[in-house]
Amino acid sequence: MDVERAHSTTEESPMPHKDFGFLVVPKRLRYSAAHPFYFGPWSKLVFGLGCAFTVANLYYCQPLLIQMSIDFQTTYADVSQVPTMYQLGYCIGLFFISPLGDLLRRRQLILALVIITTCLSVGLALSKSLFIFQTFAFLLGVFNVTPQILIPFAADLASTGQRGAVVSVLQSGIMLGILLARVMAGVVAYFFHWRAVYYISIGVQVVVLCGTYLLIPDQPCKNPDLTYLEIFYTMAKYLVTEPRLIQAVFVNIASVACWSSFWVTLTFLLAGPPYHYSTLYIGLFGLIGVVGVLSGPLFGRFIDRLGPWLSLLAVTCCLLLLQGIETATAGINIAAVVVFCIGLNAFRRSQTVSLQTIVFGKDLGKRAITVECCPDAFGMHLSAGQAMGTSAGSRVFLTYGWRAASALSMAFYGWQLFVLLLRGPNCKRSTWFGYQGGFTYEAEQKQTGIATPETQTSSMHDVVCSDSNRVERENPAT
């Protein structure tokens, strides 16, 4: 298939035509300043599928925990730590490996990561003890950061006007990959064996590896003069100088903890009394979650009309209400679980969009905070929240029951509201507490510089970033 090209101002630089010094890069994917890679709909699909197939590695285990406990002859409490090991490893990988996207050729980095995760998937399929399985799970989490390389890579390849849409497509791919991984794992484990899921995942990773080689373009290092320590310094600086980012981080940690706690403990809830569902039905609940994800565009219009801060407040209150219903009836009537599953994924999607609109908006005439500039600072806490939710949620559920685990999530939602109400929507960028400027969306746009078509065209600076991009250039407005 011919690869289309588009114009670019990137300067020509000598580039090796081999990956790892011996694997020849297909000619149509080689970097050329005169004929740069065109990132069109086909490329969006390729990158989106890459995100979906790779992130799925972290979530195959969730509907399989009951079968694993039987096979490894261990308790539910012990096997419930498997999802936590994945997320702990993922958090470490985000911190130490994803910044390498600034320092290395990203095509080569992605190839290396997929090769490693494929080998680790073999270890998962062949593990004979829970300890060995947890070790491989942790290591796979460390190296399974490919989606966090693909997202800023795609944003960098796309034209300025497409970047928001491209990032949205890839993030939707991640969410669908998470939910469909549960479905596939549950169905396969029911008809065959839980190890068959990991044999299939090996094949999927091989397909991703071949797709990376045949379809992902080669590009030079984005920041060859940037050092590893400078990347960590920049991330740390964001976390102590940006009140908006800190507020979003604390809200999102608790929100992700609630989401991950539900999906992990759902396996134990549905497998026990009064439901006694098989792995097949437990896995199929992922399809119910997909219904909630697909409602995202409706909430996007809601956010555009009401404003991101007020939308975030509204959906968090709705989640607290739904969590209250689940606390009262989840272990009594399956309808409550279904309704909560749909609502959780729909409102969680809305929360994500609202938080990104707040954090990644622009302050007019000032340095912008963009999704390409701080994916590590804004991404590591997601994994930390998932690790906290899977660990705390499983422990409370297995010790005190489903109602106590659900009540813990209600406390997390209460914490989100507390943090959100500490700082209003129209505070200046450097203000940590207060309610300057009222609550109207128009004021929010003007005071906080939320990125809209109007503010984007009037902004005097364009920050061009890659994975952790810290390279800033002036671009006079047209």
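Residue indices begin at 1 and follow the sequence shown. Nothing here was measured: the structure is a model prediction, and the numbers come from that model.
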Between W194 and Y199, is the ring centroid distance below 6.0 Å? no
Using ring centroids (six-membered ring only for Trp), state whether F250 and F418 fall under 6.0 Å.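 No; F250 has its ring centre 6.0 Å or more from that of F418.
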Which heavy-atom pair separates [X] from [Y] by the least distance, and what is that distance?
{"X": "L94", "Y": "P99", "answer": "O-CD, 3.4 Å"}
{"X": "A330", "Y": "V337", "answer": "O-CG2, 3.4 Å"}
{"X": "L322", "Y": "G343", "answer": "CD1-CA, 3.8 Å"}

[atom1]/[X] to [atom2]/[Y] distance, rounded to the nearest 0.5 angstrom?
{"X": "C341", "Y": "I334", "atom1": "SG", "atom2": "CD1", "result": "9.5 Å"}
{"X": "F136", "Y": "S121", "atom1": "CZ", "atom2": "OG", "result": "10.5 Å"}
{"X": "I97", "Y": "I116", "atom1": "CD1", "atom2": "CD1", "result": "7.0 Å"}
{"X": "F133", "Y": "M68", "atom1": "CZ", "atom2": "CE", "result": "3.5 Å"}

Would you mind reporting whether [Y] and [X] have side-chain heavy atoms less than 4.5 Å apart?
{"X": "L29", "Y": "I216", "answer": "no"}
{"X": "L65", "Y": "P83", "answer": "yes"}
{"X": "V114", "Y": "V206", "answer": "no"}
{"X": "I282", "Y": "L266", "answer": "no"}
{"X": "Y59", "Y": "Q386", "answer": "yes"}
{"X": "L170", "Y": "P147", "answer": "no"}
{"X": "W259", "Y": "L344", "answer": "yes"}
{"X": "V169", "Y": "F47", "answer": "no"}

Can you confirm whether more than 12 heavy atoms, excluding those of [X], are under 6.0 Å from its [atom1] atom?
{"X": "Y190", "atom1": "OH", "result": "no"}
{"X": "Y275", "atom1": "OH", "result": "yes"}
{"X": "Y281", "atom1": "OH", "result": "no"}

Going by atom types alone, do [X] and [Y] pair a side-chain donor with an acceptor below 3.5 Å?
{"X": "Q351", "Y": "T316", "result": "yes"}
{"X": "S406", "Y": "Q323", "result": "yes"}
{"X": "Q416", "Y": "N252", "result": "no"}
{"X": "Q87", "Y": "T390", "result": "no"}
{"X": "Y86", "Y": "Q134", "result": "no"}
{"X": "S255", "Y": "R348", "result": "yes"}

Is the backbone N or O of [Y] less than 3.5 Å from a side-chain atom of [X], with the two atoms forming a donor-acceptor pair by type?
{"X": "R105", "Y": "P220", "answer": "no"}
{"X": "R182", "Y": "G286", "answer": "no"}
{"X": "Q247", "Y": "L420", "answer": "yes"}
{"X": "S43", "Y": "F39", "answer": "no"}
{"X": "S391", "Y": "M388", "answer": "no"}
{"X": "R30", "Y": "D218", "answer": "no"}
{"X": "R28", "Y": "L214", "answer": "yes"}
{"X": "R403", "Y": "T327", "answer": "yes"}
{"X": "S261", "Y": "C258", "answer": "no"}
{"X": "T329", "Y": "E326", "answer": "no"}

Going by an N to O cut-off under 4.0 Å, is there a salt bridge joining R106 and D156?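 Yes.
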